[in-house]
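Beneath this line is the structure, given in structure tokens, with notes to follow.
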Amino acid sequence: MGVADEMRALLTEALAPTVLDIINDSASHSGHSGDDGSGESHFTIVIESAAFDGVSRLQRQRMVNKALGNIPGDRVHALAIKASAAGENA
């Protein structure tokens, strides 16, 4: 299972998203700092979930990072998170 698939499974279980896009940005960072050659070092996550209703932007980021456990920092060098509640624009 690749990192993106693992992140998808963890986020689906923890946050029951209505929208979940995991974009692999690693090719754009080839040869840069943090590129480990795996092709899975940089990602953008676009997620919409009812779990984010009434929750601050910072807390949403924390919720996503908590759901992902040790993946950010250990296996993924850079992670951009665009988290929104239903009906919001990320």
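Just so it is clear, the values below take in all heavy atoms, side chains as well, and ignore hydrogens, waters and symmetry mates. Here the structure is a predicted model, which means the values were calculated and not measured.
Contact detail for A14 and A67: the closest heavy-atom pair is CB-CB, 3.6 Å. Looking at every heavy atom in both residues, F52 comes nearest to S84 through CD1-O, 3.2 Å.
Qualifying side-chain contact (heavy atoms from CB on, under 4.5 Å) partners for N70, counting only residues two or more places apart in sequence or in other chains: D74. A78 meets the side-chain contact (heavy atoms from CB on, under 4.5 Å) test with H42; sequence neighbours excluded. Not counting sequence neighbours, the partners of T18 by the side-chain contact (heavy atoms from CB on, under 4.5 Å) test are E48. Legend: residues meeting side-chain contact (heavy atoms from CB on, under 4.5 Å) with L20, ordered by chain and number and at least two apart, are R8, L11, T12, P17, I22, I45, I47.
For the atom pair CD (E6) and CD1 (I71), the distance works out to 4.0 Å, reported to the nearest 0.5 Å. Rounded to the nearest 0.5 Å, atoms NE2 (H77) and CG (L79) are 11.5 Å apart.
Identified under the side-chain hydrogen bond (donor to acceptor under 3.5 Å, both in side chains) test for residues 57-69, with sequence neighbours left out: R60-E88.
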